[in-house]
Amino acid sequence: MSDSTEKSDVPKTEAGVVVLDAKGLRALAHPVRVQLVGLLRKYGPSTVTRLAERLGVHSGTASYHLRQLGAAGFVEEDTERGNARERWWCSVHQVTEFSDPELAEREPEAVFAYFQSIAAIHTLRTQHTLNELQTMPPPWRDTFDMSDWALRLTPEETAALSAELRTVIARYRRDTPEAAASAPDGAERVAVITHLLPELDAPAAPGQ
């Protein structure tokens, strides 16, 4: 799935990475659209019918949201697979990056809706793994981890921690259809979900 600069108004950095701007953010400020993009990136090109079945929505609903995503440059029709009966769609990018701090000031409602959708999807993915955990082979079951650490950091230290985590994760094989074809035996999909959650102390009451 190649990036298509001429079909997308969304700014991009490296190949396969889309950096959200206001237009892209508004397009993704809906949980169904976030999930549709995720499914196309995870499983590769698919039909409206299959995508709708995975999400448990009507085909008309999935088709509408795919068209909105297409207009914003996140997905496009896979004309090599499509036919008169069924339209196929594919993701234009593999990674979405939110890196404009001023965007939250300009589009607070859209940012909140986008992050709410992401949080809900992360919860669903975690619950799905928990539901499957007891039937997993022991080597995979033993890799499952849900940890949290309480740190006391400055904003600069927190940003540095985030950058270090991204650097570590980048050393490992990404899950793409191309990488799956050349992955070693025994390699399976592993989701790494990171949350950096500032928990600001409440200001002390006057006189304390």
Inter-residue atom distance Ile193.CD1 - Met146.CE, 0.5 Å rounding: 9.5 Å
Will you find, in the side chains of Thr47 and Arg81, an N or O donor that is under 3.5 Å from an N or O acceptor? no
Checking side-chain polar atoms at under 3.5 Å, does Arg67 have a donor or acceptor matched by the opposite partner on Ser63? yes
Check whether Tyr43 forms a cation-pi arrangement with Arg189 (NZ or CZ under 6.0 Å from the six-membered ring centre, at most 45° off the ring normal). yes
Value for CD1 (Ile118) from NE2 (His195), rounded to nearest 0.5 Å, stands at 9.0 Å
Rounded to the nearest 0.5 Å, how far does CZ of Arg50 lie from CG of Leu40? 12.0 Å
NE2/His122: more than 12 non-hydrogen atoms of other groups inside 6.0 Å: yes
Could you walk me through whether Trp140 and Glu188 satisfy the side chain to side chain contact (heavy atoms under 4.5 Å, CB included) test, starting with their C-alpha distance in whole Å, then the side-chain angles of each, then the deciding distance to 0.1 Å, before giving a yes or no? CA-CA 9 Å; Trp140 280 111; Glu188 301 286 353; 3.5 Å; yes
Taking side-chain hydrogen bond (donor to acceptor under 3.5 Å, both in side chains) as the test, write out the residues that go with Glu102, two or more places apart. none
Are the side chain of Ser91 and the backbone of Gln94 linked by a donor-acceptor contact shorter than 3.5 Å? no
So, using side-chain hydrogen bond (donor to acceptor under 3.5 Å, both in side chains) as the criterion, who are the partners of Asp145 when residues are at least two apart? Ser147
Treating Arg173 as the side-chain partner and Ala179 as the backbone partner, does any N or O pair qualify as donor plus acceptor under 3.5 Å? no
Less than 4.5 Å apart, any side-chain heavy atom of Leu197 and any of Asp148? no
For Val57, is there any backbone N or O sitting under 3.5 Å from a side-chain donor or acceptor partner on Thr61? no
Sub-3.5 Å donor-acceptor pair from the side chain of Ser162 to the main-chain atoms of Thr158, do we have one? no
Does Arg152 come within less than 4.0 Å of Asp201, counting only side-chain N to carboxylate O? yes
Going by an N to O cut-off under 4.0 Å, is there a salt bridge joining Arg106 and Asp100? yes
Flag, side chain of His30 to backbone of Val32, donor-acceptor distance under 3.5 Å: yes
Single-linkage hydrophobic cluster Leu39~Tyr64, side-chain heavy atoms < 4.5 angstrom: no
Sequence-distant partners of Leu161, side-chain contact (heavy atoms from CB on, under 4.5 Å), two or more places apart: Leu151, Leu153, Leu165, Leu196
